[in-house]
Each structure stands twice: as structure tokens, then as C-alpha cells.
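Have a look at the structure below, then the notes.
When reading the values below, keep in mind they use all heavy atoms of this one structure, side chains included, and skip hydrogens, waters and symmetry mates.
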Amino acid sequence: MASQKSRSSLNIRNARIADIPAIIALVDKVYPQLDSYSTAMVQGQISNFPEGQVVVEYDGEIVGYCASFIIDEASALSPHTWNGITGSGYASRHNPKGDWLYGMEVCVDQEKRRLRIGQRLYDARRELCERYELKGIVFGGRMPSWKRRKKLYPNPADYLEAVVEQKISDPVIRFQMRLGFEPIGVLSDYLPFDDASGGYASHMVWRNPYAVVHTKSASAPPGEKESVRVASVQFQQRKVHSFEEFMSNVEYFVDVTADYRCDFVVFPELFTLQLLAFAETRLTPSQSIEALTEYTPQFVEAMRQLAISYNINIVGGSHPTRTERGDIQNIAYVFLRDGSVHQQEKIHPTPSEQMWWGIKGGNEIATIQTDCGPIGVLICYDSEFPELARQLVDAGAKLLFVPFCTDNRQGYMRVRYCSQARAIENQCYVVMSGNVGNLPGVENMDIQYAQSCILTPCDFRFARDGIAAECTENVETVAIADLNLGDLDWARQEGTVRNLRDRRFDLYSIKWTAKT
């Protein structure tokens with residue numbers, strides 16, 4: 001099998017002292033009209049609160065910077081200036097016993113805007129606030145469009161109200177509001193040298209829902225997200241005329257699910273067979289699968305760029321791939337939003353895959369580490385073998401993704417019932433994604449049947465029927481659901497039944513003979 005992981009091209013991490021020249025250069029580039037930081041100021045920010053200073057690195061270049069510190073509530077919510085509350089830019093007023101996170105800087109290279117770096121930095125700040133169990137985040141936001149509308153709105157408070165009521169648009173304020181922040185007023189003389197904002201700033205607040213009643217499980221690893229939003233794409237097979245048209249259809253769903261702030265989007269098994277629809281001549285099954293493997297490098301790179309650009313983890317269905325041994329395997333590619341690419345081979349090819357396409361089964365199954373914790377992938381038929389799911393869950397996976405491809409209801413129900421069983425017996429979430437539509441000119445891919453869904457264990461904290469979300473059968477659409485990982489911890493420790501905990505290890509166990 002090919003290499004499991006490629007080098008990450010986008011990395012979000014805490015700032016280091018060695019980053020200071022690059023951070024200052026970025027600030028100078030983005031805000032040439034504003035006063036810059038000195039080396040000592042950035043050094044103070046990092047030294048006073050290392051966890052609060054975050055950079056985004058893309059291909060070795062720092063393209064984003066976020067500076068934060070902790071402050072008491074009285075200072076955070078009362079009128080203040082940037083200079084006064086930040087200790088002249090050194091973050092010297094950082095108070096470890098405070099209860100609010102103060103955002104003193106977010107800086108993004110405008111040439112990298114399609115990478116959604118600003119959103120990533122705000123997400124990192126929000127996760128920091130939740131991890132420290134603070135009441136929320138507060139900052140003074142720029143109002144860069146106020147100056148040109150000053151005649152119509154001489155009072156900046158009226159201008160802010162007009163933006164909130166969507167009478168006018170301010171790109172910075174609207175972006176922050178879309179991320180869940182609300183303005184509570186206007187700060188005067190906040191940044192006197194910010195001419196576009198007239199020195200004013202919107203006083204923005206985000207309140208941490210976990211601050212009063214904190215529900216995060218004590219067993220959850222530090223930094224692991226509590227709630228994960230997943231999307232299953234029920235993808236329609238249709239005739240396309242080029243690789244670009246195929247990728248345009250895929251990008252549409254990535255874009256939509258990213259706008260819904262999903263952490264994961266999953267596509268069906270073998271959805272790339274659509275690429276054979278524009279073959280000039282009708283291919284035999286063996287010719288078809290051979291032709292499809294030639295798209296592997298192009299497909300992988302295109303999907304990788306989508307994951308980075310839209311800031312979403314993509315479970316890219318599966319795609320036939322020729323391995324270094326010369327075999328063709330059915331491989332699920334997982335494209336993480338940090339730019340890394342992972343693979344999971346199908347362990348059990350169906351009799352049809354073996355007979356028509358000569359697909360060989362893999363021999364390795366492993367969890368994939370993501371920013372939402374470890375996940376597992378079971379390609380269609382693999383979901384019907386309970387040992388595989390148990391292996392992944394024992395290794396830490398709470399989310400299992402099942403891309404599938406079935407041509408009739410009987411085949412679909414086999415995968416559906418088994419996936420539901422995996423969710424119950426392993427007390428985990430299972431996300432299924434299948435194809436609909438048809439490809440009349442492609443051998444062994446004539447018709448499709450699917451009703452994609454997001455499945456849960458069956459207990460009080462979960463959906464009544466163990467179905468968090470479900471698509472209408474045989475219609476191209478998307479199912480989206482928020483999945484609480486802490487509820488799985490509750491189920492495993494305190495649920496009505498406790499399948500994982502109650503196993504009889506004295507009687508049986510799974511012994512995996514291959515290296516994992």
C-alpha cells in the first residue's frame with residue numbers, strides 16, 4: 001500500500017520566539033497604515049501567555065497570527081482602549097485568575113484568504129477559551145467602512161446598529177458576527193491611529209456555553225472537541241464531460257458543508273467511477289478500472305486542496321488505486337484540513353469487485369488522527385465484519401465513516417443494519433454515505449440505491465431511533481448532524497447497557513495478526 005501520510009502543508013500551532021521576525025513582517029504587510037509591533041512587544045505576548053499566541057504556517061511561511069490573553073471581567077466589559085488593556089501591546093495585563101479571554105490581534109495574509117485562515121484562528125481562540133473554562137471572549141473589532149459612511153452615520157454607534165440590522169455592510173463586523181460574536185457597544189479612542197475606523201472599535205463578545213454548566217467529560221483528552229458536526233453527501237451519479245466538471249460537482253458539496261461549519265464531510269464509495277462517463281469508447285470492466293487508476297494523483301491533489309481551502313476534513317469516499325505491489329485496491333482517502341492525506345484500504349472486496357475488477361483486499365486497518373480525535377473508515381462491505389469496527393474503537397475511534405456503493409435495497413440494508421449494529425455494540429457514531437443515480441455506459445455501475453444516514457447508539461441521550469440524520473432515499477442531498485462525543489463517554493460508563501465495558505475478556509478477545 002502507498003504511504004499512509006503526506007507532509008502537512010498547513011499547520012496551526014503556538015507561536016515561538018523564533019517566529020517573531022515573521023510575525024512582525026506579516027503585521028507590517030497586512031496593516032501598513034498602522035503602527036507595527038516591536039520585537040519586545042511580541043516577545044512579551046509569547047512570554048506572558050504562550051498558549052494564547054497562535055500562528056498559521058502554510059508551506060513553511062507564517063500567514064496568520066492571533067494574540068490573546070486572560071483578563072478580569074470588569075476590565076473586559078467596561079470601556080477601554082487597546083493600549084490600556086493590552087499593557088501597551090505586551091499583553092502584560094495577562095491575569096491567570098481572570099475569567100475572560102481577550103483577543104488583542106488577528107492578522108491574516110490577504111493573499112491566502114481562500115484558506116479561511118481567519119476562521120481557523122477564531123476557532124483556535126474559541127477552543128482555548130473552552131479549555132480554560134472561561135466565561136467567553138471579548139475584543140475590540142475594527143470598523144474599516146465607517147469613515148466613508150461618516151456623513152450618513154456621524155455617530156459610530158448608529159453605524160454599528162445599521163450593520164447589525166443588515167441595512168449596510170461592514171466586512172469585518174459581519175465576518176465576526178457570522179462566527180458567533182455579538183457587539184455590545186462602541187469603544188472610543190480604541191486605536192487612535194486606525195484612520196479608517198476613526199479610532200473607534202466595536203466591542204465584541206462571545207459567551208462560552210460551557211462556562212456555567214461545563215459538560216465536558218473528564219475522560220476526554222485535552223483539546224479534543226466535544227461536539228463534532230458531520231455531513232454525509234448522497235452523491236448522484238450522472239454523466240460528466242471532464243475531470244473538471246466532476247470536481248466542480250464535488251466542490252459544490254464541500255463548499256456547502258463548509259458553510260455549515262461541518263468538521264467532516266464524507267462522500268460515497270467508488271464515487272469517482274463517474275470519471276468513466278466521458279470515455280470515448282465503452283470499456284470492459286478490467287479496462288475501466290485500469291483507466292480509473294490513472295486519475296489517482298490528480299484526484300488526490302484536487303481533494304487535498306479542497307480540504308485546505310474550505311477548512312474541512314474530507315472523507316473522500318473511495319477510489320481504485322494501483323499499489324506499489326502492482327495490485328489494484330479500493331482505497332478511501334481522507335483529506336484533513338491541515339493538508340495531510342491518509343489512506344484506508346478496503347479489507348474485504350465484495351465477490352463482484354474481485355470478479356469484475358480484480359480488486360485485492362488490504363491487510364491493514366488503523367485509526368486516523370484528526371483535530372476532532374481519532375476516526376476510523378470502513379468501506380461498505382467492511383462494515384459487515386464486526387471485528388474491524390471493534391479494532392478501530394479499541395484504538396480510540398468514536399467516529400466511524402462508512403462510504404458505500406449498493407445497487408439495490410437488499411445490498412443497502414445489509415450495510416445499514418450492520419452499521420447500526422456497529423454503533424450499538426461499540427457505543428460510537430457511524431456515518432454512512434452512498435451513491436444514487438446511474439451510469440448507463442459504465443460496466444458494473446449501472447444503477448444505485450442509497451439512503452445515507454448518521455447513526456448513533458440507542459440510549460436516552462441519543463436520537464430516539466438511533467438515527468441522528470437521514471437522507472431521503474435515492475435523491476441527491478446532504479444529511480448533517482451535531483454529534484456529542486461526551487455522550488459516548490456517558491453511555492460507556494453510565495448507559496442503560498455498557499457494551500464496551502461489559503465484554504467478557506476472560507472468554508474472548510480479538511487478535512489482529514497483521515501489523516497495525
Side-chain angles (χ1 to χ4, degrees), residues 22-38 41-42 45 53-56 62-69 76-91 102-122 125 137-206:
I23 291 171
I24 293 175
L26 175 65
V27 174
D28 289 343
K29 178 181 179 180
V30 176
Y31 300 124
Q33 75 280 15
L34 303 181
D35 290 348
S36 183
Y37 290 114
S38 67
M41 291 165 68
V42 182
Q45 295 165 19
Q53 323 316 316
V54 178
V55 296
V56 177
I62 290 179
V63 296
Y65 177 59
C66 171
S68 312
F69 59 92
L77 301 185
S78 62
H80 58 266
T81 65
W82 184 89
N83 206 50
I85 202 164
T86 65
S88 299
Y90 288 81
Y102 195 90
M104 63 178 290
E105 180 66 82
V106 170
C107 185
V108 176
D109 188 338
Q110 297 301 299
E111 295 178 4
K112 306 293 191 301
R113 292 183 66 181
R114 279 191 58 82
L115 299 180
R116 305 196 179 194
I117 295 170
Q119 176 185 312
R120 298 171 193 258
L121 289 172
Y122 277 96
R125 184 178 278 170
I137 303 171
V138 62
F139 63 88
R142 299 185 65 228
M143 304 166 60
S145 298
W146 175 75
K147 185 177 180 180
R148 60 188 178 88
R149 290 194 171 99
K150 185 176 179 180
K151 290 184 178 181
L152 186 60
Y153 298 99
N155 186 335
D158 294 336
Y159 170 80
L160 180 60
E161 182 179 359
V163 174
V164 172
E165 295 178 352
Q166 300 189 35
K167 295 178 180 178
I168 58 174
S169 178
D170 183 293
V172 174
I173 296 173
R174 293 303 303 170
F175 170 74
Q176 292 163 349
M177 291 179 64
R178 284 199 303 271
L179 293 180
F181 291 86
E182 60 175 326
I184 60 173
V186 172
L187 299 170
S188 302
D189 298 319
Y190 185 74
L191 283 173
F193 45 84
D194 183 2
D195 186 61
S197 304
Y200 294 103
S202 56
H203 198 176
M204 305 295 285
V205 166
W206 174 79

Flag for [Y]-[X]: side-chain donor and acceptor within less than 3.5 Å:
X      : Y      : answer
Ser36  : Asp28  : yes
Ser68  : Arg125 : yes
Tyr122 : Gln176 : yes

Between [X] and [Y], what is the shortest heavy-atom contact and its length?
X      : Y      : result
Pro183 : Val164 : CG-CG2, 3.6 Å
Ser169 : Arg149 : O-NH1, 3.1 Å
Cys66  : Val106 : SG-CG2, 4.3 Å
Ser202 : Met143 : N-SD, 3.6 Å
Val138 : Val205 : CG2-CG2, 3.9 Å

Mind checking the [atom1]-[atom2] spacing from [X] to [Y]? Nearest 0.5 Å is all I need.
X      : Y      : atom1 : atom2 : answer
Thr81  : Leu187 : OG1   : CG    : 9.0 Å
Asp194 : Trp82  : CG    : CH2   : 12.0 Å
Cys107 : Lys29  : SG    : NZ    : 10.0 Å
Tyr153 : Ser145 : OH    : OG    : 12.0 Å
Tyr65  : Gln45  : OH    : CD    : 4.0 Å
Leu160 : Asp170 : CG    : CG    : 8.5 Å

Within the structure provided, determine whether [X] and [Y] are in side-chain contact (heavy-atom separation under 4.5 Å).
X      : Y      : result
Val54  : Leu121 : yes
Ile117 : Val63  : yes
His80  : Tyr190 : yes
Tyr159 : Lys147 : no

For this session: Applying side-chain contact (heavy atoms from CB on, under 4.5 Å), run through Val42 and Ile24 and close with a yes or a no.
Result: CA-CA 8 Å; Val42 182; Ile24 293 175; 4.1 Å; yes
Exercise. Mind checking whether His203 and Phe181 have ring centres under 6.0 Å apart?
Worked result: no
Exercise. Hey, would you say the Trp146 and Tyr200 ring centroids sit under 6.0 Å apart?
Worked result: yes
For this session: Look at the side chain of Glu105 and the backbone N and O of Gly103, then say whether any donor-acceptor pair between them is shorter than 3.5 Å.
Result: no
Problem set entry | Test salt bridge (Lys or Arg N to Asp or Glu O under 4.0 Å) applied to Lys151 - qualifying residues, sequence neighbours left out | none
Exercise. Among Glu111, Gln119, Lys112, which one satisfies side chain to side chain contact (heavy atoms under 4.5 Å, CB included) with Leu115?
Worked result: Lys112
For this session: Let me see the working for Ile62 and Val56 under side-chain contact (heavy atoms from CB on, under 4.5 Å), right down to the final yes or no.
Result: CA-CA 6 Å; Ile62 290 179; Val56 177; over 6 Å; no
Problem set entry | Stepwise side-chain contact (heavy atoms from CB on, under 4.5 Å) check, Trp206 with Leu179 | CA-CA 9 Å; Trp206 174 79; Leu179 293 180; over 6 Å; no
For this session: Might you work through the side-chain contact (heavy atoms from CB on, under 4.5 Å) test for Met104 and Phe69, ending with a clear yes or no?
Result: CA-CA 8 Å; Met104 63 178 290; Phe69 59 92; 3.9 Å; yes
